[in-house]
Amino acid sequence: MFFVFNGTAANSLSLAHLCQSYHSVICHELAHIETDECGGPEFFSNGSKLLNAPGPNGKLTPDGIEQLITKRTDIHYPRPRVISLTQCTEVGTVYTIEELQAIREVADRHDLQIHMDGARFANACAALGVSPAELTWKAGVDVLCFSGTKNGLAMGEAVIFFDRKLARDFDYRCKQAGQLASKMRFIAAPWMGLLENDVWLKNARHANGMAHYLAERLEAFEGIELLFPSQANSVFANFPEHVLTALRARGWTFYTFIGAGGARFVCSWNTTTDLLDGLLEDIREVL
Ligand SMILES: *Cc1c(COP(=O)(O)O)cnc(C)c1O
């Protein structure tokens with residue numbers, strides 16, 4: 001297990017570690033590594049190409065993966081080496097254990113490794129009520145990027161290789177990429193606070209609970225449509241344009257360019273029902 005500063009470094013360096021430059025990484029078209037890391041994985045791997053597949057609710061499917069793998073098998077095409085799964089996905093949905101196992105089956109057939117972008121991994125464990133082990137190595141995940149930043153820490157991500165052989169020299173890769181903190185204890189120590197007494201899980205459960213609270217009430221409004229099932233800690237919704245403008249005029253800030261569009265609301269360890277009630281009240285008035 002290794003610590004790095006942020007999720008882009010965790011993903012980029014772990015993917016680079018699994019690939020030669022002539023390999024490719026299969027990911028969803030909305031994957032953070034594809035849309036939000038400024039080409040980091042390609043840069044740190046010296047050119048390993050990301051191959052995108054569509055899939056409902058931000059998730060790769062075994063068929064979509066298989067199609068990418070079998071589309072070309074000649075030497076002119078970068079050879080697929082890794083499947084990257086985001087758990088929870090960029091649109092707030094969760095891969096079930098059965099879905100992970102089905103993807104592992106495709107991976108085994110084609111000798112691929114599975115990387116998991118776990119920026120919201122804790123939220124997935126909380127949502128499914130399963131242990132981290134069940135959701136990773138027991139379901140065939142080879143490398144997990146486990147986020148501290150998205151679950152209450154100031155910064156820091158853990159990169160976990162479930163096969164020690166795969167981790168060989170990863171410390172050198174981190175150092176070369178500027179990810180070795182000389183005062184590493186300031187990244188490592190907060191993890192003790194997060195992991196002891198299940199604080200990581202409590203934080204995630206709280207965040208998920210707040211998102212459910214929000215989703216349930218948003219859905220009840222006429223004229224508002226949820227874009228995806230809200231299975232963890234985020235809610236994506238379509239609002240009439242004038243509502244977005246009016247909410248912003250009242251001081252609410254939110255993005256509408258992430259994932260497949262729509263207003264995105266992400267709940268965290270410190271979201272309160274008071275805050276959400278304030279938002280819902282403003283939406284009601286504006287509507
Ligand atoms: C936030 C996030 C990351 C990491 O982003 P950094 O800003 O580099 O820490 C990676 N993947 C997903 C899905 C994320 O939400």
Exercise for the section: Please go through Trp252's hydrophobic cluster and name the other residues, only I, L, V, M, F, W, Y counting, with side-chain heavy atoms under 4.5 Å joining them. Expected result: Met210, Tyr213, Leu214, Leu218, Phe221, Ile224, Leu226, Val235, Phe239, Val243, Leu244, Leu247, Phe254, Phe265, Leu275, Leu276, Leu279, Leu280, Ile283, Val286, Leu287
Handout entry: Aromatic plane relationship, Phe3 with Trp191 - under 30° parallel, 30 to 60° tilted, over 60° perpendicular
Key = tilted
Practice task
Look up atom CD1 in Ile258 and atom OG1 in Thr35, then write down how far apart they are to the nearest 0.5 Å.
Solution key: 8.5 Å
Practice task
For Ser12, enumerate each residue passing the side-chain contact (heavy atoms from CB on, under 4.5 Å) test, keeping only those at least two apart in sequence or located in another chain.
Solution key: Thr8, Glu37, Pro41, Phe44
Practice task
Rounded to the nearest 0.5 Å, what's the gap from CG on Asn52 to CG on Leu30? Could you check?
Solution key: 9.0 Å
Exercise for the section: Examine distances only and state if a side-chain atom of Glu157 and a backbone atom of Phe5 form a donor-acceptor pair shorter than 3.5 Å. Expected result: no
Exercise for the section: Could you please spell out the steps behind the side chain to side chain contact (heavy atoms under 4.5 Å, CB included) verdict for Val4 and Val159? Expected result: CA-CA 8 Å; Val4 295; Val159 180; 4.3 Å; yes
Exercise for the section: Identify, with sequence neighbours excluded, every residue that meets side-chain contact (heavy atoms from CB on, under 4.5 Å) alongside Ser48. Expected result: Cys19, Ser45
Problem - Backbone of His32 reached by a side-chain donor or acceptor of Glu90 within 3.5 Å - result: yes
Practice task
For the pair Thr271 (side chain) and Ser268 (backbone), establish whether a donor and an acceptor sit closer than 3.5 Å, ignoring hydrogens and angles.
Solution key: yes
Practice task
Treating Ile, Leu, Val, Met, Phe, Trp and Tyr as nodes and any side-chain heavy-atom pair under 4.5 angstrom as an edge, say whether Ile33 and Leu144 lie in one connected cluster.
Solution key: no
Practice task
Would you mind telling me which of Gln87, Glu99, His28 makes a side-chain hydrogen bond (donor to acceptor under 3.5 Å, both in side chains) with Lys59?
Solution key: Glu99
Handout entry: Verdict with supporting geometry, Asn270 and Asn203, side chain to side chain contact (heavy atoms under 4.5 Å, CB included)
Key = CA-CA 8 Å; Asn270 67 350; Asn203 282 355; over 6 Å; no
Exercise for the section: Please identify each residue that fulfils ring pair (Phe, Tyr, Trp, His ring centres under 6.0 Å) with Phe170, with sequence neighbours left out. Expected result: Phe2, His17, Phe161
Exercise for the section: Quick one: closest heavy-atom pair of Ser14 and Cys145, and the distance? Expected result: OG-SG, 3.4 Å
Exercise for the section: Tell me, please, which residues at least two apart from Thr93 pass side-chain hydrogen bond (donor to acceptor under 3.5 Å, both in side chains). Expected result: Thr89
Practice task
Taking side-chain contact (heavy atoms from CB on, under 4.5 Å) as the test, write out the residues that go with Asp163, two or more places apart.
Solution key: Lys165, Leu166
Handout entry: All pairs passing salt bridge (Lys or Arg N to Asp or Glu O under 4.0 Å) where residues 129-143 contributes a residue, at least two apart
Key = Arg104-Asp142
Exercise for the section: Answer yes or no: does atom OH of Tyr77 have more than 12 heavy-atom neighbours from other residues, nucleotides or ligands under 6.0 Å? Expected result: yes
Exercise for the section: Would you check if the side chain of Lys202 reaches a backbone N or O of Asn197 as a donor-acceptor pair within less than 3.5 Å? Expected result: yes
Problem - Neighbour count above 12 (heavy atom, 6.0 Å) for Glu105 CD - result: yes
Exercise for the section: Over all heavy atoms of both residues, which pair between Ala127 and Asn208 is shortest? Give the atoms and the distance, please. Expected result: N-ND2, 3.5 Å
Practice task
Could you check if a side-chain atom of Arg120 sits within less than 4.5 angstrom of a side-chain atom of Asn233, using non-hydrogen atoms only?
Solution key: yes
Exercise for the section: Of all the heavy-atom pairs spanning Tyr95 and Thr86, show the shortest one and how long it is. Expected result: CE1-O, 3.3 Å
Practice task
Measure the spacing between CD of Glu219 and CD of Glu225 and express it to the nearest 0.5 Å.
Solution key: 10.0 Å
Handout entry: For Asp63, side-chain contact (heavy atoms from CB on, under 4.5 Å) partners two or more places apart
Key = Thr61
Practice task
Using the rule that two of Ile, Leu, Val, Met, Phe, Trp, Tyr join whenever any of their side-chain heavy atoms come within less than 4.5 Å, decide whether Val82 and Val141 are in one cluster.
Solution key: no
Completion exercise
Rounded to the nearest 0.5 angstrom, the CD1-OG1 distance for Ile160 and Thr136 is 7.5 Å
Handout entry: Partner set under side-chain hydrogen bond (donor to acceptor under 3.5 Å, both in side chains) for Lys150, not counting sequence neighbours
Key = none
Fill in the blank from the handout: To the nearest 0.5 Å, atom NZ of Lys49 lies from atom OG of Ser24 at 9.0 Å
Handout entry: For Phe186, all residues meeting ring pair (Phe, Tyr, Trp, His ring centres under 6.0 Å), sequence neighbours excluded
Key = none
Problem - Check against side chain to side chain contact (heavy atoms under 4.5 Å, CB included), Lys175 and Arg173 - result: CA-CA 5 Å; Lys175 171 62 184 170; Arg173 189 180 290 281; over 6 Å; no
Practice task
Group every Ile, Leu, Val, Met, Phe, Trp and Tyr by side-chain heavy-atom contacts under 4.5 Å, then state whether Leu135 and Ile83 land in the same group.
Solution key: yes
Practice task
Examine Leu15 and Tyr22 and state if one hydrophobic cluster contains both, with Ile, Leu, Val, Met, Phe, Trp and Tyr joined whenever side-chain heavy atoms are less than 4.5 Å apart.
Solution key: no
Practice task
Answer whether the closest heavy-atom distance between the side chains of Pro80 and Leu112 falls below 4.5 Å.
Solution key: yes
Practice task
Return yes when atom CZ of Arg81 has more than 12 non-hydrogen atoms of other residues, nucleotides or ligands closer than 6.0 Å, and no otherwise.
Solution key: yes
Problem - Non-neighbouring partners of Arg248 that pass side-chain hydrogen bond (donor to acceptor under 3.5 Å, both in side chains), sequence neighbours left out - result: none
Exercise for the section: Of all the heavy-atom pairs spanning Leu18 and His23, show the shortest one and how long it is. Expected result: O-ND1, 4.5 Å
Handout entry: Non-hydrogen atoms of Ala204 and Asn151 that approach each other most closely
Key = N-OD1, 3.7 Å
Handout entry: His115 vs Asn11, side chain to side chain contact (heavy atoms under 4.5 Å, CB included): CA-CA, chis, key distance, verdict
Key = CA-CA 8 Å; His115 161 268; Asn11 284 335; 3.2 Å; yes
Exercise for the section: Not counting sequence neighbours, list each pair that qualifies as a salt bridge (Lys or Arg N to Asp or Glu O under 4.0 Å) and has a residue in residues 268-287. Expected result: Arg250-Asp282, Arg250-Glu285, Glu281-Arg284
Exercise for the section: Please name the pair of heavy atoms, one in Val266 and one in Ser234, separated by the smallest distance, quoted to 0.1 Å. Expected result: CG2-CB, 4.0 Å
Exercise for the section: Treating Ile, Leu, Val, Met, Phe, Trp and Tyr as nodes and any side-chain heavy-atom pair under 4.5 angstrom as an edge, say whether Phe146 and Val94 lie in one connected cluster. Expected result: yes
Problem - Check: Asn6 side chain, Ala9 main-chain N or O, donor-acceptor pair, under 3.5 Å - result: yes
Practice task
Nearest 0.5 Å please: distance from the CG atom of Asn123 over to the SG atom of Cys88.
Solution key: 5.0 Å
